[in-house]
Protein chains: 2
Amino acid sequence: MTEIEKTLENHQVRPTAMRILIYKYLAEKKIAVALTDIEYAFAKAERTTLYRTLKTFEEKKIVHQIDDGTGISKYALCESGCNCEIEQDLHLHFHCNNCNETVCLTEHKIPQIKVPDGFVSENVNLVVKGICDKCSGQ
Amino acid sequence: MTEIEKTLENHQVRPTAMRILIYKYLAEKKIAVALTDIEYAFAKAERTTLYRTLKTFEEKKIVHQIDDGTGISKYALCESGCNCEIEQDLHLHFHCNNCNETVCLTEHKIPQIKVPDGFVSENVNLVVKGICDKCSGQ
DNA sequence: TCAATAAATGCACTTCTGTTGCACTATTAA
DNA sequence: TTAATAGTGCAACAGAAGTGCATTTATTGA
Ligand SMILES: [Mn+2]
Ligand SMILES: [Mn+2]
Ligand SMILES: [Zn+2]
Ligand SMILES: [Zn+2]
């Protein structure tokens with residue numbers, strides 16, 4: 001059994017051929033991907049299958065969904081060491097206005113945010129937009 | 001000429017009947033509104049007109065668009081004193097998981113966010129999700 | 001004042017993303 | 001081997017956003 005198969009099973013996800021392929025795809029990409037990206041990459045596969053695979057992965061904490069403000073949901077593998085099962089990994093996300101790519105900045109945690117009295121914070125989404133390292137020529 | 005008409009003209013927006021009504025609606029609502037909300041409120045009006053009014057308001061810095069993670073764009077009037085024309089007013093937004101309403105927390109500015117070397121930050125979106133003051137029973 | 005021009009609105013469509021229902025197939029466990 | 005369960009493929013739908021074009025309304029300046 002491969003590493004990927006083990007990982008999937010550890011998350012109570014049956015390692016079907018399609019799921020292994022999608023996992024591989026996500027692992028190779030260093031950026032967050034949209035459903036459409038996966039559709040392009042696996043032109044032969046059904047969109048619904050890819051969609052439901054992502055949903056299953058999300059539910060089983062294999063990936064996390066990213067709302068980068070483009071209106072299109074992106075997904076990225078959770079860190080191998082993260083404890084998403086227990087609490088959300090509140091790292092920030094960066095969206096490049098030039099190349100349109102979104103990346104997880106897993107090292108950069110979201111600072112504690114104060115909210116007014118009466119408000120209860122359960123979850124924080126922080127997206128920085130600008131120019132990514134590849135596009136800034138650095 | 002009313003206050004609203006003056007405000008619109010100050011932003012180079014011709015104060016048509018529809019625009020004045022929409023401005024009033026936005027001013028009375030204390031929460032961020034979606035296009036659909038305005039559609040309900042002005043059932044007789046054309047969606048396209050409402051849509052383009054919001055786009056015009058946004059372009060002319062009368063409202064700012066809010067991405068609260070629901071996938072539906074919300075809009076709220078800019079603060080009268082804000083200088084959106086020059087730089088974005090980086091206050092945070094709160095989305096209530098209970099009543100589904102989104103509010104501007106204009107008093108709560110977004111802290112400076114560090115990004116890795118090579119990345120250039122141009123813009124920050126910070127959304128806190130949880131229970132709002134009305135729903136928390138406080 | 002009135003015609004020419006520009007701006008705003010109304011209507012009909014389209015695109016894109018996300019989502020669901022249902023039948024069929026493969027896998028698993030009894 | 002068979003019944004139950006899980007996964008996949010196909011078709012269709014919903015909602016939001018956006019566009020093209022004709023028509024109406026407002027503005028301008030001859
Ligand atoms: Mn991430
Ligand atoms: Mn706001
Ligand atoms: Zn880039
Ligand atoms: Zn609430």
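Numbers restart at 1 for each chain; the letters A, B, ... are given by sequence-line order, proteins then strands.
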Practice task
Using atom CG of B:Leu35 as one end and atom P of D:dG15 as the other, report the distance to the nearest whole Å.
Solution key: 14 Å
Practice task
Report, as yes or no, whether the 6.0 Å neighbourhood of atom NZ on B:Lys109 holds more than 12 heavy atoms from other residues, nucleotides or ligands.
Solution key: yes
Practice task
Would you indicate which nucleotide in C:dT17, D:dA17, C:dA8 comes nearest to any side-chain atom of B:Ser73?
Solution key: D:dA17
Practice task
Between D:dA16, D:dG18, C:dT19, spot the one nearest the side chain of A:Lys55, thanks.
Solution key: C:dT19
Exercise for the section: Go through B:Lys6 and B:Glu9 one step at a time and tell me if the salt bridge (Lys or Arg N to Asp or Glu O under 4.0 Å) criterion holds. Expected result: CA-CA 5 Å; B:Lys6 269 186 225 165; B:Glu9 295 214 327; over 6 Å; no
Practice task
Would you kindly give the CG-to-C1' distance between B:Asp67 and C:dT17, to the nearest whole Å?
Solution key: 15 Å
Exercise for the section: Report the distance from atom CD1 of A:Ile66 to atom P of C:dG18, rounded to the nearest whole Å. Expected result: 13 Å
Handout entry: Listed nucleotide nearest any side-chain atom of A:Thr49, set D:dG9, C:dT9, D:dA17
Key = D:dG9
Practice task
Give B:Arg47 one of three labels, base, sugar-phosphate or nothing, depending on what nucleic acid heavy atoms sit under 4.0 Å from its own.
Solution key: base
Handout entry: Residue-phosphate contact under 4.0 Å: A:Thr16 side-chain N/O, C:dT27 OP1/OP2
Key = no
Exercise for the section: Round to the nearest Å and state the distance from A:Asp37 atom CG to C:dG18 atom C1'. Expected result: 15 Å
Fill in the blank from the handout: Testing D:dG9, D:dT19, D:dG7 for proximity to the side chain of B:Thr48, the answer is D:dT19
Handout entry: salt_bridge(A:Lys55, A:Glu58) N-O dist < 4.0 Å
Key = yes
Practice task
Could you check how far CD1 of A:Ile20 sits from P of D:dG7, rounded to whole Å?
Solution key: 13 Å
Exercise for the section: Would you classify A:Arg52 as touching base, sugar-phosphate or nothing, given that sugar-phosphate means primed atoms plus P, OP1 and OP2, and contacts are heavy atoms under 4.0 Å? Expected result: base
Problem - Interatomic distance where CD belongs to A:Gln12 and C1' belongs to D:dT5 [whole Å] - result: 16 Å
Exercise for the section: Would you classify A:Lys44 as touching base, sugar-phosphate or nothing, given that sugar-phosphate means primed atoms plus P, OP1 and OP2, and contacts are heavy atoms under 4.0 Å? Expected result: nothing
Completion exercise
Between CD of B:Glu9 and P of C:dA7 the distance, given in whole Å, is 15 Å
Exercise for the section: May I ask you to check whether B:Asn100 and B:His95 show a side-chain donor-acceptor distance below 3.5 Å? Expected result: yes
Problem - Side chain of A:Glu46 - closest among D:dG9, C:dG18, C:dA7 - result: D:dG9
Exercise for the section: Would you indicate which nucleotide in C:dA8, C:dG18, D:dT8 comes nearest to any side-chain atom of A:Ile72? Expected result: C:dG18
Handout entry: A:Arg14 side-chain proximity, nearest of D:dA16, D:dG7, C:dT9
Key = D:dG7
Problem - A:Thr102 versus A:His93, side-chain donor and acceptor atoms under 3.5 Å - result: no
Handout entry: Nucleotide D:dG18, atom C1' - distance to CD of B:Gln65 in whole Å
Key = 13 Å
Problem - Earlier contact from the 5' end, DNA chain D, for B:Tyr51 and A:Ala45 - result: A:Ala45
